[in-house]
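Heads up, the thing below is written out as structure tokens.
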Amino acid sequence: MAKLNIFRLLLILVLSYLSDRANGRVKFKGVNEKLKQLNKPAVKTIQSEDGDIIDCVDIYKQPAFDHPALKNHVIQMKPSFKLKEEKLGTKGLSSKLVVSQTWQKSGSCPDGTVPIRRIQRKDLLRAKSINRFGRKPREVVSKSNITDPKNGLYPSNNSTQVALPTIVNRSAANLVTLGYNYIGAKADINVWNPNVAAADEFTTAQIWLKAGPGDNFESLETGWTVNPHLYGDRRTRLFAYWTKDSYKSTGCFDLTCSGFVQTNPQVALGAPIEPVSSEFGQQYHVTLGIYMDPQTSNWWLKFGADVPIGYWPAGSLMFYLNHSSTLVEWGGQVYSTNVKKTPHTKTAMGSGQFASGLYGNACFIQNPNIVDFSMALKYPEWVGTWADDYYCYTAYNYQKGYGTLPVFYFGGPGQNPNCP
Ligand SMILES: *[C@@H]1O[C@H](CO)[C@@H](O)[C@H](O)[C@H]1NC(C)=O
Ligand SMILES: *[C@@H]1O[C@H](CO)[C@@H](O)[C@H](O)[C@H]1NC(C)=O
Ligand SMILES: *[C@@H]1O[C@H](CO)[C@@H](O)[C@H](O)[C@H]1NC(C)=O
Ligand SMILES: *[C@@H]1O[C@H](CO)[C@@H](O)[C@H](O)[C@H]1NC(C)=O
Ligand SMILES: *[C@@H]1O[C@H](CO)[C@@H](O)[C@H](O)[C@H]1NC(C)=O
């Protein structure tokens, strides 16, 4: 019996060694070390029907505390602020709030732990390198072509055009506000499951809060994404993201690096959300917000009906964002090496339909609110729309009638007859 077990063990070792070789282990020295560092010991493990493994990790042993700047961080268990919710003009579109994640059907995490999506060997092996794992590709700005509005190099402020630089390998369709200091932003983001054409491309619907210089900005982000490169499938997943150097070498999605401090025992970053909306059928949305706690300068991420998930300790991780954000964006982004060129990628944004399709057809962002130092949530004083590639993905801030607030629609199919 013992002999048989030893034989089995050897066989498993040999097989895993061979499969490591086949998977390019040689290129990926240190995979085991990295996995050990990223995946903290679980108090309980939950196998989700969507294929994810969720580890319930002791809240004091989560990845955040590996960050050199957070060695002596004292965890803040809940936000110390309350927002003044402004009465909004419109009743709103008919849509159901998504409050649950697929893995929650298979169990829950005990008190004192936080649910963390386990990073598997195969996830690491898909990355370009161990150091880039969990990171968006660098953002490289190319020269802005001031003379060619056809290429969509301008965001339009209602009808006047404002020049912005264009970013390599990324295409966005956004609602933008700037000109003030923002200490929070929120939105109801319609949930869809758009097509992603290639395994190394991704699509998002999200909020960005940014500060700092254009070539080295800080950004806090949340939304949903379809990102097979990172997650290994094409499900629609909840994500959080941070960077302090415009995606160069800091920050990451979710808890795939140290930085974000999670406090919530029920919501797992990076895990799928469902259901998704269907064309002219039931619409679903997630409500997401990022708010700075004026007492601690921690930026809290909230989900659903004001449920805190955790925070980024800006005093330790950020410089500009330790004070406020100066640019807020809502909308979609496609990452592909085949945007702004022919043939264009077929990776879709939003629902995969153009913004002009409106409710039930195009992806919407409703109540895109900001928070200023008065601690009130409000519709921004000024907004502009922007589409990089507007024959491929569009942006439309649609106001139904006088006295109603606009609803932002965005997205598109990518490649189509007007975007070959
Ligand atoms: C700017 O647009 C014009 C007109 O389409 C084009 O001829 C020119 O090559 C573009 N310049 C750059 C730097 O992309
Ligand atoms: C956008 O347009 C509004 C109204 O015309 C104006 O007050 C505001 O300054 C403009 N913003 C920018 C950034 O051009
Ligand atoms: C935007 O422009 C349209 C037409 O040019 C005008 O009717 C509308 O009042 C403008 N809206 C705002 C918010 O300035
Ligand atoms: C960050 O902001 C807080 C609150 O304003 C302040 O107390 C703290 O000193 C700042 N931290 C850094 C590193 O600047
Ligand atoms: C953009 O994509 C091309 C491949 O088409 C790649 O060679 C290049 O490095 C990418 N640039 C950036 C800045 O990601």
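Each ligand, and each atom within it, is numbered from 1 in the order the structure gives.
Checking atom 2 (O) of ligand 4 against the protein gives a heavy-atom contact under 4.0 Å. Within 4.0 Å of atom 5 (O) of ligand 4, not a single protein heavy atom is present. Counting only heavy atoms, the protein gets under 4.0 Å from atom 11 (N) of ligand 5.
Protein heavy atom in closest approach to atom 13 (C) of ligand 5: Val140 CG2, 3.3 Å.
A ring-centre distance under 6.0 Å is not found for Phe260 and His73. The six-membered or imidazole ring of Phe410 lies near that of Phe408, with a centre-to-centre distance under 6.0 Å.
With a heavy-atom cut-off of 4.0 Å, Lys340 does not touch ligand 5 at all.
Against a heavy-atom cut-off of under 4.0 Å, Lys341 is close to the following atoms of ligand 5: 5 (O). Atoms of ligand 4 found under 4.0 Å from any heavy atom of Asn322, numbered from 1 in the order shown, are 1 (C), 2 (O), 3 (C), 8 (C), 10 (C), 11 (N), 12 (C), 14 (O). In summary, the atoms of ligand 4 found under 4.0 Å from a heavy atom of Ser297, numbered by their order in the structure, are 1 (C), 2 (O), 3 (C). Close contacts of ligand 4 with Gly315, meaning ligand atoms under 4.0 Å from a residue heavy atom, involve 13 (C).
In this structure, Glu139 has no heavy atom closer than 4.0 Å to ligand 5.
Relative to the ring axis of Phe253, Arg117 does not place its NZ or CZ within 45° and under 6.0 Å from the centre. Stacking of Lys136 on the aromatic ring of Tyr335 is not recorded, the 6.0 Å distance cut-off and the 45° axial limit not both being met.
Below 30°, between 30° and 60°, or above 60°: for Trp300 and Tyr311 the angle between ring planes is between 30° and 60°, a tilted geometry.
Under a 3.5 Å cut-off, the side chain of Gln101 and the backbone N or O of Ala268 do form a donor-acceptor pair. Using a distance-only test at 3.5 Å, with no hydrogens or angles considered, a donor-acceptor pair links the side chain of Asn416 to the main chain of Tyr391.
Heavy-atom proximity to atom 14 (O) of ligand 5, evaluated over Asn338, Asn169, Asp200, is greatest for Asn169.
Side-chain atoms of Thr102 and Glu274 form a donor-acceptor pair, as typed in the model, at a separation below 3.5 Å.
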